[in-house]
Amino acid sequence: MKTVYVDNNATTKVAPEVLEVMLPYFSEYYGNPSSMHFFGGQVQKKVDEARERVADFLGAEPSEVVFTSCGTESDNAAILGTLDSYTEKRHLISTRVEHPAIGNVATYLGRKGYRLSELSVDREGRLDLDDLRESLTDETALVTIMYANNETGVIFPIEEIGEIVKARGISFHSDAVQAAGKIPLNMKKSKLDMLSISGHKLHAPKGIGVLYIRKGTKFSPFLIGGHQEKGRRGGTENVPYIIGLGKACELAKRHLDEENTKVKALRDYLEAKILERIPNTLVNGDRVHRLPNTVSVSFEYVEGESILLLLSDLGICASSGSACTSGSLEPSHVLRAMGVPFTAAHGSIRFSLSIYSTKEEMDYIIEHLPPIIQRLRDISPFWKDYLKSQGKA
Amino acid sequence: MWDYTEKVKDHFLNPRNVGEIDNPDGAGEVGSLACGDALRLTFKLDEKKRIKDVKFKTFGCASAIASSSALTEIIKGKTVEEAAKVTNQDIANYLGGLPVEKMHCSVMGREALEAAIANYRGQKVTKEDFEVVCNCFGVTDREITHAIRENDLKTVEQVTYYTKAGGGCGQCHPKIEAIIEKVRKEMDKEAPPPKPEKKKLTNIQKIKLIEDTLGREIIPALKADGGDLDLIDIEGNKVYVALRGSCSFCPSAEITLKQYVETKLREFVSDDIVVEEVRP
């Protein structure tokens, strides 16, 4: 059975070029970059090179790049490291649609006595910036708002938000795990103080992340230990993964145009054909301000897990915001925050493409998806009721 | 990915008896679009009052569809009286088991069957007759009680897995706890647990049995309330223990010791056990 992988917002394939540059650092070049001898020194040079590549990709200075173990660590470090630097400020602003790496940290801090403002989104998944303006106080230690949403791909106006936040002199962080590699990021022109990215979302392996920290930003280390990362993150450097991420960032920079032309065209083709061939289907989220690789669609009167398993049976790998796929009993917090009606929320499917996606794969999905939805609608008691209500049955 | 059995996969990919019977003898519907799953069950009887034909329509995940399909296969050919005895465990067993988080799918099957039989018998069962405990998923005290009894449930988490109650905002958790306590007391009265036979023990056997009983019967219950207990010493029939965690500052610690630990040790080890608390 062939595998059609359209779940790249969950994780991506490690690029062969990335794996290739990593391998020698598992075997031959195992030195510790901190060592005084030549054997460690030669590894240090490669780590520096990787840091330069990541900095180049983000439009940052190499000294502003801190390597971490994953996106979640970067997010945790950004929040806790900032609050620790402003102990007198006890207010945090975020949104209702953040990834759990932010959302659950915020909830945890709420339990610890911090005041939280979680900004709402509208039906299209957009923020109301007046809400943000009204939420800012002298007590606010940090504003953390995701760059782009993992489920819908909706992009937030980070620079416009930055203008508002920085006018008040407040620290500003963004979880850009889904945005990195898909839309341009340039920290030199940005208002952001901190930004999180994750290796495995841009064709590096799992287990490596970055926290960008603008020079001069107040920050206390989250992982306390050795002098590594200029004292901002203890722990011996994960050398092969850092080198892999450097390569992945170099490739991502090179592929950015392709993401916004070829990948976007494939996504638009898939979306258009699905809407054309399957009735009672709607797209979740703002279709204009959206990542080029993501589409979240809801099929009314059917349930997401059933769709996923039937797709999976044909080798198609996607994901869903339905309740049943997570082990939770309610649909995703993102769709609920957007107010997607229950008729559609349980039947949401996310397709997320990559530069490795092909037209043949899209055609394969377009061929097999309509009969799957029809089959589940034929089993669903609500479909016939709906048709009757429309005078169609 | 869920670890579904081959039988679940088969009934999901090839569901049996899909559809709706026109002019059925019995029809039942449970669940809703908002809840994320729903099942409509219809059946027709033959002249011997056996279920001749049964069909289902289900909105829901793979295990909901498989549970519905299994239910129809189980009750086909049964009399209404026989069908009324089918439990959600029967549905889960027929499928070779369900992931515990998905047991509510089997409960939905049983509830739809109950509703269809009530409909056949001309009885009206409406949610309004009972107290809705979980507002997020519209689960009544009756449904929770039934699931506790039928599946020997002991915790709120289990009740959520079996009925969905408490799986949303979580505000009803204290209510569910109260129902569990009440129902389990009733269950204990109905069937008192058989007392294990006590025989003359050597000192080593006795120490071992005390340790086992503490570990199996007593400490887990204390831990559930945030407490713990350490065995300090055993001297003849006296057992010295120290309470830890929330137990140690609990005003009811004395009572916990005397009534609970001692009763349990007397029940499982020896009738003359006396428990003494060692304070730090």
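We use all heavy atoms of the structure for the numbers below, so side chains are in, but hydrogens, waters and symmetry mates are not. Nothing here was measured: the structure is a model prediction, and the numbers come from that model.
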Over 12 non-hydrogen atoms of neighbours within 6.0 angstrom of [atom1] in [X]:
X: A:Tyr108; atom1: OH; value: no
X: B:Gln171; atom1: CD; value: no
X: B:Asn14; atom1: CG; value: yes
X: B:Lys44; atom1: NZ; value: yes

Do the side chains of B:Lys57 and A:Asp385 get close enough for a salt bridge, i.e. N-O under 4.0 angstrom?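 Salt bridge absent between B:Lys57 and A:Asp385.
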
Going from [atom1] on [X] to [atom2] on [Y], what distance comes out if it is rounded to the nearest 0.5 angstrom?
X: A:Ile307; Y: B:Cys61; atom1: CD1; atom2: SG; result: 12.0 Å
X: B:Leu33; Y: A:Phe382; atom1: CG; atom2: CZ; result: 4.0 Å
X: A:Leu309; Y: B:Tyr4; atom1: CG; atom2: OH; result: 6.5 Å

Is it the side chain or the backbone of B:Pro99 that comes within 4.5 Å of chain A heavy atoms, both, or neither?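 Neither part, no heavy atoms under 4.5 Å.
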
Minimum heavy-atom separation for [X] to [Y], with atom names?
X: B:Phe12; Y: A:Leu376; result: CE1-CD2, 4.5 Å
X: B:Val18; Y: A:Asp378; result: CG1-O, 4.2 Å
X: A:Ser306; Y: B:Ala62; result: OG-N, 3.4 Å

Can you list the steps and then say if B:Lys102 with A:Glu305 is a side chain to side chain contact (heavy atoms under 4.5 Å, CB included)? CA-CA 12 Å; B:Lys102 294 284 192 173; A:Glu305 185 204 286; 2.7 Å; yes

Quick check against the 3.5 Å criterion: does A:His346 have a side-chain atom that pairs as donor or acceptor with the backbone of B:Ala34?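 Flag set: sc A:His346 to bb B:Ala34 pair under 3.5 Å.
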
B:Gly36 backbone acceptor or donor facing A:Glu303 side chain under 3.5 Å: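 Not confirmed, A:Glu303 side chain does not pair with B:Gly36 backbone.
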
So, using side-chain hydrogen bond (donor to acceptor under 3.5 Å, both in side chains) as the criterion, who are the partners of B:Thr58 when residues are at least two apart?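 Scan of B:Thr58 (side-chain hydrogen bond (donor to acceptor under 3.5 Å, both in side chains), adjacent residues dropped) gives B:Ser68.
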
Sequence neighbours left out, what passes side-chain hydrogen bond (donor to acceptor under 3.5 Å, both in side chains) with B:Lys76? Give chain and number order.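 Partners of B:Lys76 under the side-chain hydrogen bond (donor to acceptor under 3.5 Å, both in side chains) test: B:Asn17.
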
Hey, does B:Phe56 have a side-chain heavy atom less than 4.5 Å from the side chain of A:Ile379?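 In contact.
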
